[in-house]
Amino acid sequence: MKRKLITATNPSSPIAEQFKTLRASIHFSSVDKEYRSILVTSPEPESGKSTVSANLAVCYARQGSKTLLIDADMRKPTSHRTFGIPYNIGLSDMLTNNGADFGDLYHPTEIENLMILTSGTMVPNPNELLASKKMERLIKQFTEQFDQIIIDTPPILASSDALVLTPYVEGAIVVLRSDKTLKESAKVAVQQLQKTHVSIIGTVLNRVKNNANNYYYYQ
């Protein structure tokens, strides 16, 4: 079943405005360099990193940036359900096949400027594929074709898949879930990222209880 994306279905809602604020914050964080390839992860599962990735990608696309959302979570992919597209061919197929024409593997969406690359065929060794030189070359190729790349990756405490991608991206965002993510888990996740020397753009606190007064104000 296709998931609802608040930035697409209700772009003027307070929650959608928060995603636009996130996009703006990333822009203003880009003092020394522009974050065109951004990795999104979390300490543990069910923090909402895939939802944040998808909505952030929608925001960039609606701003006019040619955007690619990559589902690099080969262990628990979700982008196909979010956008209602097939996922059986995608990133893993690009990484395991040589010389093939992958031009048609990008999935267009109902949102102008937004393309999706699903995780692809399930593989037994996602970590090795994501850490490969071919993955590095693919990301370089993507940056030549797109203005903005958002990469949804597995949780850091569940696997090292996100960490092996950090040499190939310009920045990382850590999604924390309000009332669930433990302080120690968040600390360990950030420390793991810092060891890779990737630029940590910031954290997103997800599922914060709605402030009724703010909601009223922005209607």
Side-chain angles (χ1 to χ4, degrees), residues 22-23 25-57 60 65 67-79 90-92 94-96 116-120 123 125-177 181 183-206:
L22 173 60
R23 181 191 63 198
S25 297
I26 294 169
H27 172 72
F28 288 117
S29 298
S30 310
V31 176
D32 296 324
K33 61 180 179 181
E34 187 177 4
Y35 294 115
R36 290 185 56 209
S37 54
I38 298 173
L39 178 154
V40 180
T41 188
S42 61
E44 69 277 291
E46 299 182 359
S47 295
K49 63 173 183 56
S50 297
T51 301
V52 170
S53 301
N55 280 285
L56 184 59
Y60 274 111
S65 299
T67 303
L68 175 64
L69 173 62
I70 302 173
D71 191 345
D73 191 343
M74 298 181 186
R75 302 171 192 270
K76 192 176 181 182
T78 58
S79 65
L91 178 60
S92 63
M94 284 185 165
L95 293 169
T96 54
I116 308 296
L117 179 59
T118 61
S119 60
V123 293
N125 57 340
N127 190 275
E128 287 78 4
L129 290 180
L130 294 173
S132 66
K133 287 296 181 184
K134 190 165 186 178
M135 184 68 195
E136 180 181 17
R137 291 195 295 271
L138 280 177
I139 290 182
K140 287 181 179 177
Q141 176 185 325
F142 298 149
T143 56
E144 293 173 357
Q145 297 175 322
F146 295 89
D147 301 318
Q148 191 68 48
I149 300 168
I150 306 295
I151 308 175
D152 180 14
T153 65
I156 289 178
L157 301 186
S159 79
S160 62
D161 292 3
L163 299 176
V164 301
L165 281 172
T166 56
Y168 311 145
V169 300
E170 292 163 334
I173 291 175
V174 182
V175 178
L176 311 175
R177 180 171 172 175
T181 301
K183 185 177 180 180
E184 186 60 28
S185 298
K187 185 178 178 180
V188 171
V190 169
Q191 288 174 338
Q192 291 291 325
L193 281 172
Q194 287 174 330
K195 289 179 181 177
T196 70
H197 304 294
V198 69
S199 295
I200 301 176
I201 303 171
T203 59
V204 174
L205 186 59
N206 192 30

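FYI, the numbering just counts along the sequence from 1.
Side chain of Tyr60 to main chain of Ile150: no donor-acceptor pair is present (N/O by atom type, distance under 3.5 Å, no hydrogens or angles). A donor-acceptor pair under 3.5 Å is absent between the side-chain atoms of Ser42 and the main chain of Ser47, judged by distance alone. Ser119 places no side-chain N or O within donor-acceptor distance of the main-chain N or O of Ala72, the cut-off being under 3.5 Å.
Using a 4.5 Å heavy-atom threshold, the side chains of Leu68 and Gln145 count as separate. Between Val204 and Val174 there is no side-chain heavy-atom pair separated by less than 4.5 Å. Side-chain contact between Ile173 and Thr203: absent, with no pair of heavy atoms (C-beta onward) separated by less than 4.5 Å. The closest side-chain heavy-atom distance from Arg137 to Gln141 is not below 4.5 Å. When side chains are defined from C-beta on, Phe142 counts as touching Ile70, because their heavy atoms get closer than 4.5 Å. At least one side-chain heavy atom of Leu56 sits under 4.5 Å from a side-chain heavy atom of Arg23. Residues Val40 and Thr153 fail the side-chain proximity criterion, which asks for heavy atoms closer than 4.5 Å. Side chains of Leu91 and Met135 form a contact here, defined as non-hydrogen atoms less than 4.5 Å apart.
The distance from the CD1 atom of Ile149 to the CG atom of Leu39 is 12.0 Å, given to the nearest 0.5 Å. Atom-to-atom distance recorded for Asn55:CG and Leu22:CG is 10.0 Å, nearest 0.5 angstrom. To the nearest 0.5 Å, the span separating NZ on Lys134 from CG on Leu129 amounts to 9.5 Å. Note that CD1 of Ile151 is 12.5 Å distant from CG of Asp73, once rounded to the nearest 0.5 Å. With rounding to the nearest 0.5 angstrom, the CZ atom of Arg75 is 4.5 Å from the OG atom of Ser159.
Applying the salt bridge (charged side-chain N to carboxylate O under 4.0 Å, His left out) test to Asp152 and every residue at least two apart in sequence or in another chain returns Lys49. For Ser29, there are no side chain to side chain donor-acceptor pair (under 3.5 Å) partners two or more places apart in sequence or in a different chain. Scanning for side chain to side chain donor-acceptor pair (under 3.5 Å) contacts around Thr67 gives an empty result, with sequence neighbours left out. Looking at residues two or more places apart in sequence or on another chain, you find a side chain to side chain contact (heavy atoms under 4.5 Å, CB included) between Ala54 and Leu5, Leu69, Thr82, Phe83. Residues forming a side chain to side chain contact (heavy atoms under 4.5 Å, CB included) with Ser79 (at least two apart in sequence, or on another chain): Asp71, Ile116, Thr118. Looking at residues two or more places apart in sequence or on another chain, you find a side chain to side chain contact (heavy atoms under 4.5 Å, CB included) between Thr196 and Leu163, Thr166, Val198. Residues satisfying the salt bridge (charged side-chain N to carboxylate O under 4.0 Å, His left out) test with Lys140, not counting sequence neighbours, are Glu136. Shown here are the side chain to side chain donor-acceptor pair (under 3.5 Å) partners of Asn127, two or more places apart in sequence or in another chain: Ser160, Asp161. In terms of the side chain to side chain contact (heavy atoms under 4.5 Å, CB included) criterion, Glu144 has no residue partners (sequence neighbours excluded). The ring pair (Phe, Tyr, Trp, His ring centres under 6.0 Å) check on Phe146 picks up Tyr106, with sequence neighbours excluded. Not counting sequence neighbours, Glu128 has no partner by the side chain to side chain donor-acceptor pair (under 3.5 Å) test.
Summarising the geometry of Pro154 relative to Thr41, their closest heavy-atom pair is O-OG1, 2.9 Å, with the distance given to 0.1 Å. Across Ser185 and Pro43, no two heavy atoms sit closer than the pair O-CB, 3.8 Å. In plain terms, the two heavy atoms of Gln148 and Ser37 that are nearest each other are NE2-N, 4.2 Å. Nearest heavy atoms, Ser92 versus Val123: CB-CG1, 3.9 Å. The heavy-atom pair separating Ile26 from Tyr35 by the smallest distance is O-CD1, 4.0 Å.
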Inset, instruction - Starting from the C-alpha separation in whole Å, work towards a yes-or-no answer on side chain to side chain contact (heavy atoms under 4.5 Å, CB included) for Asn206 and Leu176. - result: CA-CA 6 Å; Asn206 192 30; Leu176 311 175; over 6 Å; no
Legend entry - Arg177 vs Leu205, side chain to side chain contact (heavy atoms under 4.5 Å, CB included): CA-CA, chis, key distance, verdict: CA-CA 6 Å; Arg177 180 171 172 175; Leu205 186 59; over 6 Å; no
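Remark: of the listed residues Val188, Leu193, Val190, Leu193 is the sole one forming a side-chain contact (heavy atoms from CB on, under 4.5 Å) with Ile156.
Applying the salt bridge (charged side-chain N to carboxylate O under 4.0 Å, His left out) rule to pairs touching residues 35-47 yields Glu46-Lys180, sequence neighbours excluded.
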